[in-house]
Amino acid sequence: MVKLITAPPQAVVAPDVEFGEVVTPDFSEKDTQSALQAQQQDVTALKAEISKLKNEKMQLESRFSIATDNLKNRFDKQMEKSDAAWDERLARLDETLNERVTKFTNQLPQIDTSNPTLPSNPFGTDLPTGFEQGSNDGTSTMREPRVLPPKGIQTFQYSWPSAAADSKPYRRTSKNYV
């Protein structure tokens, strides 16, 4: 080929390459089957994971139930021990109190008769020196207040009800308390 120097350059175009059909008629079918297989594998894996989690949940529930029962049993035993200890302490305190009350009531007549110099009125009836008694008609002034008869200390005696020696008093516990 001879080229002229003055001729304009021409572009060389290569012939189109024939690749054939990219999307064949069975491509859609194969693509759908591939997607279904991938989904089926995911579903199978998820089912296996769910069954594994269900088994773990059942095991944890079983362990939790056993641990809760053990804890409840330990708590009940400890409460029974504690209630028994408190009952014993209260029984000892009741016995000690009853012994002291009995001892004191036995000594009370001795105290009354042993010291006859004790005044029967603990406040006394004498007026302090320099204090003048008011008039006998019940009136008084600020200088001469009316003297009231002393009342003394008002006391009373209480005796504990005696229970039978073989009967155990009713005690509230955590089981019978409502």
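Atom CZ of R63 sits about 9.5 Å away from atom CD1 of I66, to the nearest 0.5 Å. Atom-to-atom distance recorded for N73:CG and T68:OG1 is 11.0 Å, nearest 0.5 angstrom. Within the model, atoms CG of N55 and NZ of K57 stand 11.0 Å from one another, a figure rounded to the nearest 0.5 Å. For the atom pair CD (E56) and CE (M58), the distance works out to 11.5 Å, reported to the nearest 0.5 Å.
Salt bridge status for K103 with E99: absent, with no side-chain N to carboxylate O gap under 4.0 Å.
With a 6.0 Å radius and a threshold of 12 heavy atoms from other residues, nucleotides or ligands, R89 has its CZ atom above the threshold. Within 6.0 Å of the CD atom in E29, the count of heavy atoms belonging to other residues, nucleotides or ligands does not exceed 12.
Each of T44, D42, L36 was evaluated against Q40; a single residue qualifies, T44, per the side chain to side chain contact (heavy atoms under 4.5 Å, CB included) test.
Although no hydrogens or angles enter the test, the distance criterion places no donor-acceptor pair under 3.5 Å between the side chain of S34 and the main chain of K30. A donor-acceptor contact shorter than 3.5 Å links the side chain of T105 to the backbone of V101. Side chain of S51 to backbone of A48: a donor-acceptor contact under 3.5 angstrom is found. The backbone N or O of Q78 lies less than 3.5 Å from no partner atom in the side chain of S82, so there is not a single donor-acceptor pair.
Remark: K81 pairs with no residue by the side chain to side chain donor-acceptor pair (under 3.5 Å) rule, at least two apart or across chains. By the side chain to side chain donor-acceptor pair (under 3.5 Å) test, K72 pairs with D76, sequence neighbours left out. Remark: K77 pairs with no residue by the salt bridge (Lys or Arg N to Asp or Glu O under 4.0 Å) rule, at least two apart or across chains.
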Apply salt bridge (charged side-chain N to carboxylate O under 4.0 Å, His left out) to residues R92 and E88 and explain how you reach the verdict. CA-CA 6 Å; R92 285 191 309 221; E88 182 182 330; 3.3 Å; yes

